[in-house]
Amino acid sequence: MSEPIAYEVVIGLEVHAELITESKMFCSCRADFFGAAPNTHVCPVCIAMPGALPVINREAVAQAIRAGLALNCDIAENVRFERKNYTYPDLPKGYQITQYELPQAVNGWLEIDTPNGPKRIGITRAHLEEDTGKLVHENGVSLVDYNRAGVPLLEIVSEPDMRSIDEVNEYLIRLRQLLIYIGASTGDLEKGAMRMEANVSLRPADSQELGTKVEIKNLNSFRAVRNALAYEIARQEKILRAGGQVEQVTLGWLEHEGRTYVQRTKEDAHDYRYFPEPDLPPLHINRAWVEELAAALPELPRARWQRFVAQYGLSPKDADILTAERSVADYFDALAAEVGDALPPKKVANWVMGDLFRLMNESGLPIDAIPVTPAKFAGLLKLLAAKTINANTASQVLKTMFRTGEDARAIVEREGLAQVSDAAALESLVGRILAEHPDEVARYREGKTQLFGWFVGQVMRETRGKANPGVVKKLLEAKLAGK
Ligand code: ADP
Ligand code: MG
Ligand code: ZN
């Protein structure tokens with residue numbers, strides 16, 4: 001009997017990201033309409049009144065170029081908008097203005113982590129287009145809201161380079177992180193700022209040719225992408241194992257039923273009758289402008305992660321946590337600079353990921369809104385490094401700082417929290433505690449050495465946690481040994 005054939009999964013993604021701009025792609029309506037009543041952010045251009053003419057939004061083009069650069073793409077010098085013709089009630093013009101033959105950015109890549117090391121996922125293209133309106137189905141009627149019609153979108157098309165659902169997930173996380181870092185998109189999935197389409201096929205593991213793919217549309221969360229792919233991979237594998245053939249179709253995903261359904265059999269590009277948009281000039285992108293935009297890009301997440309590992313000696317995992325969001329990475333850079341040599345960066349990182357993140361979680365405050373600035377936090381950590389306070393006290397003081405925004409030193413002085421390191425004072429205290437607990441001392445000396453921690457605890461209690469633990473341990477060791 002021969003082994004059953006193994007199949008390899010092949011996946012390529014198309015991601016639509018709403019770009020952050022003041023106005024829409026081709027008119028001056030505000031692009032951010034969150035919370036507005038339906039059809040209040042509309043004008044003759046975006047609801048397609050006859051004779052209304054579009055004008056290209058320069059900032060949207062800039063955002064597309066930024067994203068293209070961050071994705072290691074070649075930025076096209078000549079771009080052309082085209083009409084993609086189809087009818088749907090959410091599309092007022094009966095066509096969508098998009099870039100087709102001459103997209104804004106091509107031939108890039110995004111690096112992701114896999115269990116086998118880093119891997120580059122090819123970016124075929126990233127092109128600008130306009131969003132559609134939105135249909136709302138309620139009480140047996142369908143209503144249309146054109147507020148979203150004309151919002152700038154960047155469609156980012158990957159090569160069929162992903163080989164597993166985990167790689168897809170990692171790609172989406174990194175892509176979203178990148179777009180947020182450069183300020184191109186909010187990445188807010190709940191508000192639909194990122195919408196995915198997944199293309200997937202299977203092929204025998206040793207084959208070089210691509211199998212027939214299906215496209216799953218309207219995936220609005222990373223979870224939906226994962227679930228839809230898992231369903232589809234299983235469905236295709238079953239067909240292939242039974243000797244059948246996968247049909248090339250466009251599918252929808254029914255989240256609540258956990259299954260895909262056929263929306264239509266495959267359309268071809270020629271069905272859309274693309275042609276150059278006669279109301280817009282071809283766009284020539286000035287090289288100097290691209291260079292200006294490139295120079296203004298922030299340090300990108302991957303580079304920052306590598307720097308955090310190299311410069312601060314952080315573990316890859318910790319560096320990943322601290323660079324996940326740009327604001328947190330900025331905070332850490334500022335904090336580490338303020339702390340300087342006083343404390344190793346690894347320790348500083350633990351304070352951020354431990355105590356600070358806990359306080360942020362409890363309060364729900366983002367890092368750029370907390371009262372503990374990097375300078376103030378550094379002030380606290382320097383008191384710790386100088387052994388003015390111990391770690392336990394530092395943790396308490398940080399809580400107060402988080403609430404009041406005070407300086408660490410002010411709190412320590414007011415509340416008399418400076419660490420007791422004075423050996424003479426501690427020595428008499430240790431002596432007193434041992435004298436008060438003769439039984440425990442006897443048991444300790446008979447070999448019950450676990451009691452040591454209990455003695456430390458007593459000293460800490462008496463000093464309200466302020467005793468220098470190192471000094472206390474030395475004193476206890478000496479006295480318990482009978483010296
Ligand atoms: P279409 O003509 O259907 O739009 P494209 O070739 O433009 O197809 O690719 C669309 C997306 O599908 C891209 O992300 C691409 O990587 C992916 N893709 C193409 N062929 C396959 C395949 N055989 N299996 C999986 N994904 C594929
Ligand atoms: Mg497609
Ligand atoms: Zn408008």
Side-chain angles (χ1 to χ4, degrees), residues 7-16 21-33 36 39-49 52-57 60 71 84 92-93 97-101 103 106-110 120-127 129-133 145-152 155-165 167-168 171-172 175 196-204 207-217 219 225 228-229 232-233 236 240 245-251 263-272 274:
Y7 290 104
E8 182 176 56
V9 174
V10 174
I11 302 163
L13 293 182
E14 295 160 274
V15 175
H16 289 88
T21 54
E22 290 227 353
S23 55
K24 291 188 183 180
M25 188 64 236
F26 300 114
C27 63
S28 56
C29 293
R30 277 191 69 82
D32 181 3
F33 54 85
N39 298 307
T40 53
H41 284 238
V42 294
C43 74
V45 173
C46 58
I47 55 170
M49 300 305 279
L53 292 174
V55 175
I56 300 169
N57 179 342
L71 289 166
K84 180 182 184 182
K93 292 197 281 276
I97 305 179
T98 181
Q99 295 172 342
Y100 182 58
E101 278 187 5
V106 295
N107 280 332
W109 45 267
L110 176 65
R120 284 183 182 182
I121 306 300
I123 303 293
T124 315
R125 52 190 277 145
H127 65 257
E129 56 189 36
E130 54 179 338
D131 211 342
T132 60
D145 176 4
Y146 287 129
N147 281 347
R148 199 180 70 181
V151 165
E155 176 167 347
I156 300 155
V157 182
S158 87
E159 289 289 298
D161 283 349
M162 286 162 269
R163 295 288 174 269
S164 67
I165 293 176
E167 287 188 8
V168 167
Y171 171 83
L172 287 172
L175 179 59
M196 286 70 65
E197 294 165 12
N199 299 267
V200 53
S201 63
L202 262 53
R203 64 179 173 189
S207 162
Q208 294 307 305
E209 270 165 59
L210 292 174
T212 305
K213 67 155 176 144
V214 302
E215 175 171 352
I216 317 168
K217 286 211 175 279
L219 300 167
V225 172
L229 281 171
E232 194 48 35
I233 290 165
Q236 289 186 21
L240 295 175
Q245 281 187 341
V246 172
E247 202 194 337
Q248 181 163 342
V249 286
T250 301
L251 302 170
Q263 280 189 335
R264 52 177 183 263
T265 50
K266 181 60 198 160
E267 79 276 6
D268 281 316
H270 66 246
D271 294 332
Y272 290 117
Y274 283 99

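As the structure lists them, so they are numbered: ligands from 1, and atoms in each ligand from 1. Values below: all heavy atoms of this structure, side chains included; hydrogens, waters and symmetry mates excluded. Residue indices begin at 1 and follow the sequence shown.
Between Lys213 and ligand 1, at least one pair of N/O atoms sits closer than 3.5 Å. For the pair Thr212 and ligand 1, the shortest N or O to N or O distance does not fall below 3.5 Å. Inclusion of Glu14 in the set of residues having an N or O under 3.5 Å from an N or O of ligand 1 is not warranted. Of the N or O atoms in Ser158, one or more lie within a sub-3.5 Å distance of an N or O in ligand 1.
Near Glu159, with a cut-off below 4.0 Å to any heavy atom, the atoms of ligand 1 are 16 (O). Counting the atoms of ligand 1 from 1 in the order shown, those under 4.0 Å from a heavy atom of Val10 are 24 (N), 25 (C). Near Leu13, the atoms of ligand 1 lying under 4.0 angstrom from a non-hydrogen atom of the residue are 14 (O).
No donor-acceptor distance shorter than 3.5 angstrom exists from the side chain of Arg125 to the backbone of Glu155, with no hydrogens or angles considered. A donor-acceptor contact shorter than 3.5 Å is absent between the side chain of Arg203 and the backbone of Glu8. In terms of modelled atom types and a separation under 3.5 Å, the side chain of Asp145 and the main chain of Gly133 share no donor-acceptor contact. A donor-acceptor contact shorter than 3.5 Å is absent between the side chain of Asn199 and the backbone of Pro160. Proximity of a side-chain donor or acceptor of Lys24 to a complementary backbone N or O of Asp131 within less than 3.5 Å is not detected.
The two residues Ala228 and Ile216 have their closest heavy-atom pair at O-CD1, 3.9 Å. The two residues Glu232 and Val214 make their nearest non-hydrogen contact at OE2-CG2, 3.5 Å. Shortest non-hydrogen contact noted between Val42 and Cys29 is C-SG, 3.5 Å.
With atom 23 (N) of ligand 1 as the reference point, the heavy atom nearest to it among Pro160, Gly12, Ala198, Gly211 is part of Gly211.
Tally of protein N, O or S atoms closer to the Zn ion (ligand 3) than 2.8 Å: 4.
For the pair Lys213 and Val10, the minimum side-chain heavy-atom distance is 4.5 Å or more.
When heavy-atom distances to ligand 1 are checked against a 4.0 Å cut-off, Val157 comes that close only through its side chain, counted from C-beta outward.
If you check the side chains of Thr250 and Glu215, you find no donor sitting under 3.5 Å from an acceptor.
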